[in-house]
Amino acid sequence: MDSVYKVIELVGTSKTSWEAAAKNALETAGKSLEDLRVAEVVKLDMAIDKNKVVAYRARVNVSFKYRA
């Protein structure tokens, strides 16, 4: 059977790592979205304050099954 998927962009943050930032984005989205399928990390960056990294950020494209 053919399926349709919607793709959204999320930004997760973490004080410890990019991996944790991506995980935070997905786990938070999973609380309100059903049937998450694929996640693709599309950008990594850091927030800096006074020459120190204060947060890691991961931009993630996530697909989930679209139900009409």
For T13, is there any backbone N or O sitting under 3.5 Å from a side-chain donor or acceptor partner on N24? yes
With rounding to the nearest 0.5 Å, note down the distance linking OH in Y56 to OG in S17. 7.5 Å
Do you know which two heavy atoms are closest between V11 and A25, and how far apart they sit? C-CB, 4.3 Å
For the CG atom of D35 and the OH atom of Y5, what is their distance to the nearest 0.5 Å? 7.0 Å
R59 and E9: CA distance, side-chain angles, deciding distance, side chain to side chain contact (heavy atoms under 4.5 Å, CB included) verdict: CA-CA 7 Å; R59 187 175 300 178; E9 183 177 77; 3.0 Å; yes
Side chains of V62 and V7: closer than 4.5 Å at any heavy-atom pair? no
Grouping I, L, V, M, F, W and Y whenever their side-chain heavy atoms are under 4.5 Å apart, do V38 and L44 come out in a common cluster? no
Under a 3.5 Å distance rule, please check whether W18 uses its side chain to pair with a backbone N or O of D45 as donor and acceptor. yes
Which heavy-atom pair separates M46 from V53 by the least distance, and what is that distance? SD-CG2, 3.6 Å
Check step by step if side chain to side chain contact (heavy atoms under 4.5 Å, CB included) holds for F64 and E34. CA-CA 7 Å; F64 56 96; E34 294 181 18; over 6 Å; no
Rounding to 0.5 Å, atoms CG (L36) and CD1 (I8) come to a distance of 7.5 Å
Grab the two heavy atoms, one from S3 and one from K65, that are nearest each other, plus how far apart they are. OG-CE, 3.5 Å
Which atom of S14 lies closest to which atom of A21, heavy atoms considered: CB-N, 3.5 Å
